[in-house]
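Residue numbering restarts at 1 for every chain, and letters A, B, ... go by the order of the sequence lines. Predicted model only: the values in this text are computed from it and were never measured.
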Amino acid sequence: MENSIYYKCINQKNVFLMNLPSDILVEILSRLPARAVFRCKCVCKTWIKIFSDSKFVTLHFAKARPGIVVHQSEMFKNFIKLVEFGDEIDHHDLDDDSLLKFDLKRISEFSGANIVLDGSVNGLICLRDSNYEHESVYVCNPTTREYVRLPDPEGVVQYPSMATYGFGVSRVSGEYKVVQVFHDQVLDPIRQTCIRIPWSECHVYTLGTGSWRSINENMLNFAYGRRCRSVGLFFNGNIHWLIKDLDDTHEMISCFDLENEVFQPFPAPFPGKEGLLGGLGVLQDRLCLCDNTSYCEINIWVMKEYGVEKSWTRQFVITKMTELTGPTLEVVYPFKIFKDGVIMVLWGDFFMLYCCNKSNVGQEVDLDQPRGPNKIEAMLHVSSLVSLKNFGFENVCNF
Amino acid sequence: MSSSTELTEKKVFLLKSLDGVIFEVEESVAVQLEVIRELIEGDCARPFISLYNVTSEILALVIEYCKHHAETCSGGTSATIADEDLKTFDNEFMNVDENILLELCSAADYLDIKSLFELTCRTLASLIKDRTIIEVRKMFNVENDFSVVEEKAVRKEFAWAFK
């Protein structure tokens, strides 16, 4: 008897579709790539409401496929590219379909800027105009095309003084912070290496607070500046830099706890090597240090247990392909290992490569990479629809 | 080594669809429907289980899906081969009319079959991804509640998303 009532109802197919429970609709829509979400805002007002709901934003982020953010600067272009990894099992390609790119140069604020990528966390990135005459820091969400210019950091960075930045989110309070380490340095007149640091300071900007704070931490005798540009690596709630202890020239890893705002340096896997070409990265959820000092191989050390010095293990040895053997000045940053064992690395700021630790065959990442005097930066990135307005910013602009 | 011979009879359950059709399924299939798991475990599944939100057309498909997944997973093949096999099956299985997809999705939600829900949601999302706005409205039976001016403005705001 009761069945007949339902039967009548379901016969009108459209009735069902019109009554598609909204939580199912939300589940379906949360699996859309970011660009499709923006396109679907044109469907109807109800959908706009769904897309801006904070629960939807959280759900969408949880379902989003991991990918990378790439910054490419060329003479007349300054691209930000977002691209997701393909999800095939034994595959390590990028999904061209997901590629989103835009040219920063089209915005007058960035047209004369010397932009660098200083961090990527939970869909937000930190960009900086590294030109010392008008250094400025930006927090952006490239997915929503929003950006905010932070108040200018203190201190004029002029050679040989140096500043390095990091961007991350604190473990417990979930606060997004930009960290600036700034120090003066006295260089050895012949070798041009740092021999003394007259003073140094650290400033922190917490998103939503509107100003930089000075951190009273003694960081003297740690040199953050290296031959190549230094960026803090965010991992595990902390920001890491490869530093040099001037007392005994040991390589150390500076670790800044974003929650408690203290530095807790720990040793790198091997004693100080003159001219070490080390790059920090995260592979398989572990901190690693990639050493490119050798002429013919790239050695990747992995810290199996976070913070435990003895757990450093040389886990990957990649034989360099012939074109890359010999003396080098480039730091290599590993940032992704695929299921088939292929590792994606950034070679200096020149190009992205797939490397395999079983064979010495490398392959350039197919991403229309720049050539010549241009440079490229890349970091892991997961798209998020979160608006910068949620962080209390009033001066949110659009790319 | 301990492959004790199955002496006990294979347990079967009867599922009754909204339109009154009764399906006989083995336990390995029935347990994939999380919503009736408790009934089965509590031995309250007799004489049959009424599924008021699923038509016979959809229930038949759901059972086909669960059956294939149960067989593949218990088939003794290596995990990679099983994975490949399921992937091929899933792709084929999703090759149906979008109205059926929506109903399958809704049924998977009601019956609480997580893998099928994920599969249908992903398939529907990728359909939406490749459709025009007008086609998406049609697909979900959504009314365009923008005025001409409003629609023009919103399309302009997100013009970059239209390639």
Asker: Could you measure the distance from the CG atom of B:Asn144 to the SG atom of A:Cys42? Nearest 0.5 Å is fine.
Answerer: 10.0 Å
Asker: So do B:Phe140 and A:Val43 actually touch side chain to side chain, heavy atoms under 4.5 Å?
Answerer: no
Asker: Return yes when atom NZ of B:Lys67 has more than 12 non-hydrogen atoms of other residues, nucleotides or ligands closer than 6.0 Å, and no otherwise.
Answerer: no
Asker: Determine whether a donor-acceptor pair (N or O, by modelled atom type, separation under 3.5 Å) exists between the side chain of A:Arg39 and the backbone of B:Ala161.
Answerer: yes
Asker: As an exercise, state the distance from CZ of B:Arg131 to SG of A:Cys40, rounded to the nearest 0.5 Å.
Answerer: 11.0 Å
Asker: Take B:Lys129 and A:Arg35, measure what side-chain contact (heavy atoms from CB on, under 4.5 Å) needs, and give me the verdict at the end.
Answerer: CA-CA 9 Å; B:Lys129 190 185 77 175; A:Arg35 178 165 46 200; over 6 Å; no
Asker: Do A:Cys44 and B:Glu143 have side chains that get closer than 4.5 Å, going by heavy atoms?
Answerer: no
Asker: At a 4.5 Å cut-off on heavy atoms, which part of B:Val154 comes close to chain A: side chain, backbone, both, or neither?
Answerer: both
Asker: In chain order, what residues pass the salt bridge (Lys or Arg N to Asp or Glu O under 4.0 Å) check against B:Glu27, with sequence neighbours excluded?
Answerer: none
Asker: Under a 4.5 Å cutoff for heavy-atom pairs, which residue among A:Ile28, A:Thr46, A:Ile48 has the most contacts with chain B?
Answerer: A:Ile28
Asker: Say you draw a straight line from NZ of A:Lys41 to CZ of B:Phe146; how long is it, rounded to the nearest 0.5 Å?
Answerer: 10.0 Å
Asker: Could you list the residues that satisfy side chain to side chain donor-acceptor pair (under 3.5 Å) with A:Glu84, not counting sequence neighbours?
Answerer: A:Arg65
Asker: Distance check, rounded to the nearest 0.5 Å: A:Glu27 atom CD versus B:Arg122 atom CZ?
Answerer: 12.5 Å
Asker: Is it the side chain or the backbone of B:Asp109 that comes within 4.5 Å of chain A heavy atoms, both, or neither?
Answerer: side chain
Asker: Tell me if the NZ atom of A:Lys389 is crowded by more than 12 foreign heavy atoms within 6.0 Å.
Answerer: no
Asker: Once you measure the plane-to-plane angle for B:Trp160 and A:Phe38, does it fall in the parallel (<30°), tilted (30-60°) or perpendicular (>60°) bin?
Answerer: tilted
Asker: Indicate yes or no: at least one non-hydrogen side-chain atom of B:Ile128 is less than 4.5 angstrom from one of A:Leu29.
Answerer: yes
